[in-house]
2 protein chains.
Amino acid sequence: MATNTVVEEVLAALEQADTLEGINDAIYALKEHFSVDNMVYHWVDSAGAQYGYGTYRLDWAARYQEQNYLRIDPVVIGCYQRFHPVDWKRLDWSSKAARAFQAEAIKYGVGNQGYTIPIRGPNGQFALFTVNSTCDDETWSRFTEDNRRELILIAHYFNQKALEFEPNKKPEQSQSLSPREIDAMTLLAIGYNRAQVAETLSISEHTLRVYIESARFKLGANNTTHAVARALSRGLIVV
Amino acid sequence: MATNTVVEEVLAALEQADTLEGINDAIYALKEHFSVDNMVYHWVDSAGAQYGYGTYRLDWAARYQEQNYLRIDPVVIGCYQRFHPVDWKRLDWSSKAARAFQAEAIKYGVGNQGYTIPIRGPNGQFALFTVNSTCDDETWSRFTEDNRRELILIAHYFNQKALEFEPNKKPEQSQSLSPREIDAMTLLAIGYNRAQVAETLSISEHTLRVYIESARFKLGANNTTHAVARALSRGLIVV
DNA sequence: TATTCCCTCCCCAGAAATAGCGATGCGTGG
DNA sequence: CCACGCATCGCTATTTCTGGGGAGGGAATA
């Protein structure tokens with residue numbers, strides 16, 4: 001693989017980088033190397049906010065944020081349910097909003113072809129690493145096939161860097177739930193009400209409440225729904 | 001990178017594999033190539049169950065399962081909080097149970113040195129990819145530094161394969177939610193109660209209730225908590 | 001040995017969610 | 001043009017959840 005050396009060098013540089021400029025240098029170097037329109041890492045935050053670095057035009061980033069495109073971007077929605085990298089063509093562009101979004105994106109300099117790698121970290125962290133460009137289907141297929149592995153690695157390294165920079169204001173967020181609390185949250189998440197959960201766990205409803213309360217406290221949640229949502233998005237329970 | 005070709009070949013073979021034997025062939029080939037004691041992929045289920053494939057002795061796998069070592073294994077616990085691959089030396093072996101566990105593992109043929117890569121997929125899926133061997137610290141450091149990138153890629157491909165085999169796919173492709181329903185679900189998921197959601201959306205609480213109800217109906221959910229949980233795990237909302 | 005979880009059980013009052021029944025307008029697509 | 005989904009508003013009664021109190025035993029850890 002001829003490209004290997006260049007990528008290796010950039011990744012090595014990235015590993016050393018300790019400033020945002022270093023990261024930007026890396027991402028621009030990679031963009032040049034791969035000859036694509038854009039190369040972007042962005043962290044999808046739990047609040048729906050997001051940030052990242054990459055080569056998108058600033059007005060597009062602002063527009064995206066302002067219009068809350070996160071909610072309709074098929075790339076985000078599609079990647080959220082996938083593990084493997086995905087070509088944009090294979091996403092669901094059937095809705096009108098999605099097509100309008102795509103048309104607008106292209107106007108803002110986003111390529112018509114794209115390839116995005118979903119990345120997940122602890123506590124439900126979720127990020128995307130995207131390359132996109134303007135070319136025909138065949139060229140793009142060849143590109144992604146040739147570079148898939150490098151891109152996966154690059155995505156991994158960018159996310160690692162992002163996690164390093166993230167001050168991780170999580171003093172009690174990392175608190176895990178007790179087995180009983182996990183049981184309770186899980187059963188609530190699959191639609192049981194308190195009485196059913198208590199019966200399933202063979203405990204009194206009062207005891208169950210203690211678990212729900214303590215889980216809620218640990219998760220910093222305002223109510224049961226919030227607690228279950230947090231437990232889910234942090235990967236503490238699976239439904 | 002001299003090792004590249006071999007790894008590429010095995011990964012290509014793995015991509016084609018459609019049986020468990022194919023996967024085992026790949027993992028043994030890689031074990032030989034890297035000259036390590038063990039190379040193991042295992043899927044960690046939140047319920048405590050797990051499965052995987054690799055080169056651990058069967059009696060060790062059985063013992064691990066039977067003793068529920070998942071709960072005390074510092075590798076699992078440590079990796080759960082991390083994104084980047086981790087050398088076993090850097091984990092927390094301070095507890096008595098952890099040291100006893102390690103001593104027993106070595107007796108069962110697990111190397112004294114290890115390197116584990118955490119991997120995460122959609123819906124909180126979590127897996128580990130581990131190589132371990134018996135050698136001194138310096139040799140092991142050199143090994144992990146030289147092979148980190150290959151190992152990350154290998155881990156990625158094994159997980160991709162595991163996800164393909166997993167019948168976990170949700171066939172019930174639920175209809176999507178309307179924008180207002182998404183708003184409602186999202187705000188509920190971040191802890192707002194009905195009154196707060198209604199105020200945030202500048203609608204009456206009665207109207208809000210209609211959204212919650214219709215979202216609940218679409219999602220086939222028994223209650224609000226269930227609906228939010230489903231919306232989250234189907235990636236319809238991002239929190 | 002002391003401390004700190006974890007699990008279990010109990011009461012009560014007030015707040016919130018659910019299950020029914022409505023209604024009106026406004027777009028989009030067949 | 002008409003149906004259908006969407007957004008918006010209303011009422012009542014019942015069930016469920018939440019937020020305060022408590023208490024005791026056991027296991028693990030420091």
Side-chain angles (χ1 to χ4, degrees), chain A residues 71-72 94-100 172 174-189 191-229 236, chain B residues 48 67-69 71-72 74 77 92-101 174-189 191-229 236:
Chain A
R71 306 253 179 258
I72 56 167
S94 62
S95 87
K96 211 167 114 177
R99 282 192 304 271
E172 28 84 46
S174 53
Q175 273 201 22
S176 61
L177 301 177
S178 78
R180 277 317 222 188
E181 287 159 356
I182 292 176
D183 292 341
M185 290 294 106
T186 304
L187 292 171
L188 288 171
Y192 287 17
N193 63 24
R194 278 192 186 176
Q196 292 172 313
V197 174
E199 196 192 352
T200 304
L201 297 179
S202 304
I203 56 176
S204 78
E205 203 173 324
H206 305 286
T207 302
L208 172 67
R209 271 182 48 202
V210 179
Y211 298 145
I212 299 174
E213 289 286 298
S214 62
R216 242 189 40 219
F217 182 73
K218 284 183 182 174
L219 295 165
N222 300 331
N223 52 45
T224 302
T225 298
H226 193 192
V228 170
L236 300 174
Chain B
Q67 295 291 95
N68 203 19
Y69 279 152
R71 300 257 181 247
I72 57 167
I77 296 166
D92 175 23
W93 297 94
S94 62
S95 86
K96 216 165 102 179
R99 282 192 304 272
F101 165 77
S174 60
Q175 32 185 334
S176 60
L177 301 177
S178 78
R180 278 316 221 189
E181 288 159 356
I182 291 176
D183 291 340
M185 290 293 107
T186 304
L187 292 171
L188 289 170
Y192 287 17
N193 61 27
R194 280 188 181 176
Q196 291 172 313
V197 174
E199 195 190 354
T200 304
L201 297 179
S202 304
I203 57 177
S204 77
E205 205 174 321
H206 306 285
T207 304
L208 172 68
R209 273 181 42 202
V210 178
Y211 298 145
I212 298 174
E213 289 288 299
S214 61
R216 235 184 49 205
F217 182 72
K218 284 183 182 175
L219 295 165
N222 301 330
N223 52 46
T224 303
T225 299
H226 193 193
V228 170
L236 300 173

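Reminder, nothing fancy here: chain letters follow the sequence lines and each chain counts from 1.
- The nearest heavy atom of DNA chain D to Leu201(B) and to Leu188(A) marks one nucleotide each, and the one closer to the 5' end goes with Leu201(B).
- Within 4.0 Å of Asn222(A), counting heavy atoms only, lie sugar-phosphate atoms of the nucleic acid but no base atom.
- Among the atoms of the strands shown, only primed sugar atoms or phosphate atoms (P, OP1, OP2) are found under 4.0 Å from some heavy atom of Ser178(B).
- For the OP1/OP2 pair of dA17(C) and a distance below 4.0 Å, the side-chain nitrogens and oxygens of Thr224(B) include no atom meeting the criterion.
- Rounded to a whole Å, the CD atom of Glu205(A) is 12 Å from the P atom of dC11(C).
- Scanning both residues, Leu201(B) and Arg180(B), for their nearest heavy atoms gives O-NH2, 3.1 Å.
- Thr207(A) has no side-chain polar atom (N or O) that falls below the 4.0 Å cut-off from OP1 or OP2 of dC7(C).
- Within the structure, a side-chain polar atom (N or O) of Arg194(B) is placed less than 4.0 Å from OP1 or OP2 of dT18(C).
- dA19(C) atom P lies 12 Å from atom CZ of Phe217(B), rounded to whole Å.
- Rounded to whole Å, the distance from CD1 on Ile212(A) to C1' on dC17(D) is 9 Å.
- At dT8(D), one or more side-chain N or O atoms of Tyr211(B) fall inside 4.0 Å of OP1 or OP2 (strictly under the cut-off).
- Spacing between atom CD of Gln196(B) and atom C1' of dA16(C) amounts to 12 Å, rounded to whole angstrom units.
- For dG20(D), the base has a donor-acceptor partner in the side chain of Arg209(A) [N/O atoms by modelled type, under 3.5 angstrom].
- We find that CZ of Arg216(A) is positioned 9 Å from C1' of dC17(D), with the value rounded to whole Å.
- Trp93(B) and Phe101(B) have parallel rings, their planes meeting at less than 30° on a 0 to 90° scale where 60° marks the start of perpendicular.
- Across all non-hydrogen atoms, the minimal contact from Arg216(B) to Ala227(B) is CG-CB, 3.6 Å.
- For dC6(D), one of the phosphate oxygens OP1 or OP2 lies less than 4.0 angstrom from a side-chain nitrogen or oxygen of Lys218(B).
- Per the geometry, CG belonging to Leu208(B) stands 13 Å off P belonging to dA16(C), to the nearest Å.
- Note: CG (Asn193(A)) to C1' (dT15(D)) measures 10 Å, nearest angstrom.
- Taking atom CD on Glu213(B) and atom P on dG10(D), their separation rounds to 17 Å, with Å as the unit.
- Among the atoms of the strands shown, only primed sugar atoms or phosphate atoms (P, OP1, OP2) are found under 4.0 Å from some heavy atom of Arg180(B).
- Between Ile203(A) and Tyr211(A), the closest side-chain pair of non-hydrogen atoms falls below 4.5 Å.
- In this structure the side chain of Val197(B) reaches within 4.5 angstrom of the side chain of Leu188(B), judged on heavy atoms.
- In terms of phosphate contacts, Ser204(B) brings no side-chain nitrogen or oxygen within less than 4.0 Å of OP1 or OP2 of dT8(D).
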